[in-house]
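Shown next, in structure tokens, is the structure this report addresses.
Naming convention: chains lettered A, B, ... in sequence-line order (proteins, then strands); numbering from 1 in each chain. Reckoned from all heavy atoms, side chains included, excluding hydrogens, waters and symmetry mates.
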Protein chains: 2
Amino acid sequence: MKWGALEDEACSLARTIAVIGDRWTLLILRECFLRTRRFEAFQSSLQITRHLLSERLKKLVRFGILRRVPYQDSPKRYEYILTQKGLDLYPIIMAMVRWGDIHMADERGRPLLHEHKKCGKLFDPVMVCSECGEVLAAKEVHVHPGPGRPVSALATAHQHRSDE
Amino acid sequence: MKWGALEDEACSLARTIAVIGDRWTLLILRECFLRTRRFEAFQSSLQITRHLLSERLKKLVRFGILRRVPYQDSPKRYEYILTQKGLDLYPIIMAMVRWGDIHMADERGRPLLHEHKKCGKLFDPVMVCSECGEVLAAKEVHVHPGPGRPVSALATAHQHRSDE
DNA sequence: GCCTATAGTTCTAAAATTGAACTGTCAAAT
DNA sequence: ATTTGACAGTTCAATTTTAGAACTATAGGC
């Protein structure tokens with residue numbers, strides 16, 4: 001399958017995967033959220049090959065996740081900064097961190113703790129329903145076709161089954 | 001980089017990426033949450049090659065995300081069911097769906113709508129602070145080293161910078 | 001016997017990734 | 001004036017992964 005095909009699927013998950021659904025892109029984003037901005041810094045902290053790093057950064061810029069901003073002239077140099085679209089990826093990253101904390105931590109506990117500046121406490125990121133505020137679980141959710149889904153779409157078949 | 005190396009990093013995100021950080025695995029999980037259970041069903045709805053599907057399912061079983069359960073004898077056939085560890089990936093999937101809904105939807109709107117059975121309303125999944133319940137944003141979060149992080153770890157350098 | 005269904009495995013070709021070296025611009029040091 | 005080093009990449013051969021297609025195995029039904 002080609003990456004482009006994913007972008008065109010009538011599925012928001014597939015479209016997101018088309019943008020950030022690979023190992024290096026996700027790791028690059030981790031660095032971005034830890035304030036890394038420059039090519040050399042990404043390269044040395046991730047041990048990614050320069051070739052791939054260059055490719056991935058271009059892709060993230062193309063999708064509007066990062067902005068390539070000059071930070072000096074002569075020689076002209078650029079750094080990569082998260083756009084709002086990029087910052088909006090934060091819940092995805094945090095959801096993955098949370099799952100790793102719960103299911104992949106070793107005996108010594110989680111590698112990083114997170115403090116919420118607003119309330120001052122160490123916290124866990126929790127996903128809730130926007131309407132009632134309850135913690136979300138897969139079994140509590142029922143899926144409906146939305147306006148953006150063609151009747152012929154692949155996912156249609158699933159819908160019937162998920163109506164069980 | 002090898003996948004195994006990621007598992008061993010002192011970073012919950014890296015460890016999660018080691019398990020689900022590739023395109024096909026994420027798509028397979030989408031199908032799982034839409035109640036797909038069988039090899040042929042995964043294969044025909046995803047158009048993944050049988051070879052890769054087989055490989056990825058094995059990996060998900062190895063990591064305890066799916067359970068391979070016999071559903072008939074003679075010939076013996078199996079289906080793949082999400083474990084609790086697998087069900088716990090739901091927030092990650094939903095966070096990705098949400099981002100796609102916001103940033104990758106076309107003019108016609110989102111492909112799927114989600115109803116929360118508990119409250120009966122169409123909702124969006126929102127990530128909040130477990131302590132104060134406020135919606136989370138990257139800028140509101142401050143990172144600290146946790147017990148599971150070796151002093152020498154790669155992430156240490158970032159920590160200093162993120163303390164700015 | 002032959003066809004179909006299901007769940008895989010095997011094989012070759014094509015694509016992506018790795019590793020290492022190389023390019024170009026400029027500032028600072030010798 | 002020349003060399004060295006920092007930074008942001010690009011290029012290219014070798015290795016690894018993925019795609020695509022064909023093949024295997026077990027059993028029920030015609």
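We find that CG of A:L53 is positioned 10 Å from P of D:dA8, with the value rounded to whole Å. In this structure, the CZ atom of B:R50 is 13 Å from the P atom of D:dA22, given to the nearest Å. In this structure, B:Q72 places its CD atom 14 Å from P of D:dT26, rounding to the nearest Å. Rounded to whole Å, atom P of D:dT10 lies 12 Å from atom OH of A:Y78. Going from atom CZ of B:R56 over to atom C1' of C:dA7 covers 18 Å, rounded to whole Å. Protein atom CD of A:E55 is 12 Å distant from nucleotide atom C1' of D:dG9, rounded to whole Å. Nucleotide C:dA27 holds its P atom 11 Å from the CG atom of A:D73, rounded to whole Å. Atom CZ in A:R68 sits about 16 Å away from atom P in D:dC7, given to the nearest Å.
Under 4.0 angstrom from either OP1 or OP2 of C:dT18 there lies no side-chain N or O belonging to A:R23. Phosphate contact (OP1/OP2 of C:dA16, side-chain N/O of A:W3, threshold under 4.0 Å): absent. One finds a side-chain N or O of A:S54 lying less than 4.0 angstrom from the OP1 or OP2 phosphate oxygen of D:dT10. Distances shown here put a side-chain N or O of B:K58 below 4.0 Å from the OP1 or OP2 atom of C:dT9. The phosphate of C:dA16 has neither OP1 nor OP2 within less than 4.0 Å of any side-chain N or O from A:K59. OP1 or OP2 of D:dA8 lies within a sub-4.0 Å distance of a side-chain N or O belonging to A:Y71. When the side-chain nitrogen and oxygen atoms of A:Y80 are compared with OP1 and OP2 of D:dC7, none of them lie within a distance under 4.0 Å.
Side chains of A:S44 and A:E40 form no contact here, defined as non-hydrogen atoms less than 4.5 Å apart.
The side chain of A:L52 lies closest to C:dT18 when the candidates are D:dA27, C:dT18, D:dC7. Among the nucleotides C:dC11, D:dT26, D:dA8, the one closest to any side-chain atom of B:H51 is C:dC11.
Among the protein residues, A:S74 comes within range of the sugar-phosphate backbone only, with heavy atoms under 4.0 Å from sugar or phosphate atoms but none that close to a base.
Heavy-atom distances to DNA chain C give each of A:I48 and B:R38 a nearest nucleotide, and the one nearer the 5′ end belongs to B:R38. Each of B:E40 and A:W24 was matched to the nucleotide of DNA chain C holding its nearest heavy atom; the match closer to the 5' end belongs to B:E40. Nearer the 5' end of DNA chain D, as judged by each residue's closest nucleotide, is the contact made by A:E79, out of B:P75 and A:E79.
The aromatic rings of A:Y90 and A:F33 are tilted relative to each other, their planes meeting at an angle between 30° and 60°.
When ring centroids are compared, B:H116 and B:H114 stay outside the 6.0 Å threshold.
At least one cation-pi condition fails for A:R77 and A:Y71: the charged atom is not both under 6.0 angstrom from the six-membered ring centre and inside a 45 degree cone around its axis.
Looking only at distances, no side-chain donor or acceptor of A:T36 sits under 3.5 Å from a matching main-chain atom of A:F42.
For the side-chain contact (heavy atoms from CB on, under 4.5 Å) with B:H51, the qualifying choice from B:L53, B:I48, B:T49 is B:T49, the only one to do so.
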